[in-house]
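See below for the structure under consideration.
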Amino acid sequence: MPTLYWLLVAVLLITVLWMSWRYVSLRRRIDSYTHTLRRAGESDKPGLNLPTDIKDIETLSNAVHNLAETYDQRLSALEAERARLAAILDRMTDGVLIVDNTGSIQMANPGAEKLFGEGLIGRSIITALRHHQLVETWRKAKQTGEIQSESVELPSTRKFLQITAIPGQDTGGALLMVQDLTRLRRLETVRRDFISNVSHELRTPLASLKALAETLSDGALDDPPAARRFLARMQTEVDALTQMSTELLELSRIESGQVPLQLKPISPAQLLQSAADRMKTQAERAGLDLQAECCPDLPAIPADASRLEQVLVNLIHNAVKFTPPGGEIRLFAKLDGKYVRFDVSDTGAGIDPDDLPRIFERFYKADRARTKGGGTGLGLSIARHIVEAHGGKIWVESELEKGSTFYFTIPIF
């Protein structure tokens, strides 16, 4: 009996020692695995390189490893999506701002920095936007929890902006999208002005034609001399309408790029002299002295000769129209860096300084031009488009009662 007792004691002791050793061993593995998990959790790297099939905790280690792989896949997908969204925001021309519930800007894309300046992140939306209507739109979205939109013109920069504030669902912040509609607003203004100008230019000749036709119908046909005079007036008005429609079509084709330039090497002196010869008779009839001066050894320019001659003839025609008898018109061409510069100078009435910035607009005619009559106001706009299509630029300098000089440049080869 004592022998069996001590045998049982020995077996129990061995079991306790073995269990203790197993516990210590398992504890070490768990501590080591916990340490590995903690290091992996503190790492900012997307991959979690965790061990698998750890002895005695195979099920746990494999489950954690699978969970880590799933986490890595989802994290990679989120990073890819974040990169795509960041690329989109960086390339957006519209401004995008994310504002927290206190009004502090948390994110701003390059489009927003272009509109409101750099260094927006961390600033208050009030100091960043600097316009009460823009700020008020954000406040309304925050208070109502609904999307708010407002169109605003900034007096300092003359920009026309549209802001849309989208409130956050839980954070109390908001997403602000700001679109610069300045160009669209200007195009709309140009469209309205164009319609208004066309209507204005058509009203006079159409009213004149109607009055002449009514006069003929009321009995003027029975008076042959008067009838011929009225018919001549009608022919003049029809010619004016024909010229306007032709120039409108020409301008539309040039602006839309439907008139390809036939570029060939041409001598500036030859081009200048050809335009002067075409307008010589008209200048002499108006009592004006028209002269062309050009150095014969100027380099050739790649140009559509007929189009550039059209520009010169147009400028000379304007000079003839607004220069009193006894005046002078001078044509020049000279080298100006990588360009040849053409000058058309007159001693005429000149252009008011207020009219100079708009002189090349469609249908724009200065008051002096309107009082003198004639013309559609399209010639200078056509000239500008032709010169710009050649890669040059056109401008004017003028002084009242002392004359005007129109300049345009054409690049050399």
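Atoms considered below: every heavy atom in the structure, side chains included; atoms not considered: hydrogens, waters and symmetry mates.
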statement: For L298 and C294, the nearest pair of non-hydrogen atoms, with its separation, is CD1-SG, 3.5 Å
message: Counting neighbours of CD on E118 that are heavy atoms of other residues, nucleotides or ligands and sit closer than 6.0 Å, is the number greater than 12?
response: no
- prompt: Taking all non-hydrogen atoms of both residues, which atom of A319 and which atom of D346 are closest, and how far apart?
  reply: CB-OD2, 3.7 Å
statement: Nearest heavy-atom approach of P324 to G348 is CD-CA, 3.9 Å
field: Heavy-atom donor-acceptor pair, K142 side chain to N101 backbone, under 3.5 Å
entry: yes
message: If only side-chain N and O atoms count, and only distance matters, is there a donor-acceptor pair under 3.5 Å linking N314 with Q310?
response: no
- line: Of L308, D336, I266, the one forming a side chain to side chain contact (heavy atoms under 4.5 Å, CB included) with I410 is L308
query: Hey, are the side chains of L216 and M234 touching, using non-hydrogen atoms and a 4.5 Å cut-off?
result: yes
field: Trace of the side chain to side chain contact (heavy atoms under 4.5 Å, CB included) decision for M279 with I329
entry: CA-CA 11 Å; M279 298 299 296; I329 299 175; over 6 Å; no
- prompt: Any donor-acceptor pair under 3.5 Å linking the side chain of S274 with the backbone of Q270?
  reply: no
task: Report the distance from atom CD1 of I316 to atom NZ of K280, rounding to the nearest 0.5 Å.
output: 10.5 Å
message: Go through it in stages, so that I can follow the logic: the residues are L312 and L331, the test is side chain to side chain contact (heavy atoms under 4.5 Å, CB included), and I'd like the CA-CA distance, side-chain angles, deciding distance and then a yes or no.
response: CA-CA 9 Å; L312 287 167; L331 312 181; 5.7 Å; no
message: Is the shortest side-chain heavy-atom distance between Q162 and S149 below 4.5 Å?
response: yes
message: Would the distance check show the side chain of D100 and the main-chain N or O of G173 forming a donor-acceptor pair, the cut-off being under 3.5 Å?
response: no
field: Euclidean distance, L97 CG relative to Q106 CD, rounded to 0.5 Å
entry: 11.0 Å
message: On a heavy-atom basis, which atom in P299 and which in V340 lie closest, and how many Å separate them?
response: O-CG2, 4.2 Å
query: Would a distance-only check, ignoring hydrogens and angles, find a side-chain to backbone donor-acceptor pair under 3.5 Å from S398 to G403?
result: yes
- request: Grab the two heavy atoms, one from F116 and one from A128, that are nearest each other, plus how far apart they are.
  value: CB-O, 3.9 Å
- prompt: What is the minimum heavy-atom distance between L272 and F332, and which atoms define it?
  reply: CD2-C, 3.6 Å
Option passing side chain to side chain donor-acceptor pair (under 3.5 Å) with R330 (candidates T347, D289, T405): D289
- request: Measure the CG-CZ distance between L315 and F342 for me, rounded to the nearest 0.5 Å.
  value: 11.5 Å
message: I'd like to know if the side chain of S345 pairs up with that of D343 as donor and acceptor (distance under 3.5 Å, no hydrogens or angles considered).
response: no
- request: Evaluate the side-chain proximity of M107 to V96: yes if any heavy-atom separation is below 4.5 Å, no if none is.
  value: yes
field: Heavy-atom side-chain contact between L380 and F406 under 4.5 Å
entry: yes
task: Evaluate the side-chain proximity of Q291 to E328: yes if any heavy-atom separation is below 4.5 Å, no if none is.
output: no
query: Side chains of R233 and S208: closer than 4.5 Å at any heavy-atom pair?
result: yes
- prompt: In Å, rounded to the nearest 0.5 Å, how long is the span from CG of D180 to CG of L115?
  reply: 5.5 Å
- request: Check whether any side-chain heavy atom of H317 sits under 4.5 Å from a side-chain heavy atom of V320, and report yes or no.
  value: no
field: Derivation and outcome, side chain to side chain contact (heavy atoms under 4.5 Å, CB included), residues L241 and L206
entry: CA-CA 9 Å; L241 288 172; L206 290 176; 4.1 Å; yes
message: Here's one to test your reading of the geometry: is the NZ or CZ of R185 within 45 degrees of the ring axis of F160 and under 6.0 Å from its centre?
response: yes
- request: Might you work through the side chain to side chain contact (heavy atoms under 4.5 Å, CB included) test for E388 and I394, ending with a clear yes or no?
  value: CA-CA 8 Å; E388 290 177 352; I394 186 170; 5.6 Å; no
query: In Å, rounded to the nearest 0.5 Å, how long is the span from CD of E150 to NZ of K140?
result: 6.5 Å
- request: Rounded to the nearest 0.5 Å, what's the gap from CD1 on I301 to CD1 on I412? Could you check?
  value: 10.0 Å
Side-chain touch L263/H390, heavy atoms, less than 4.5 angstrom: yes
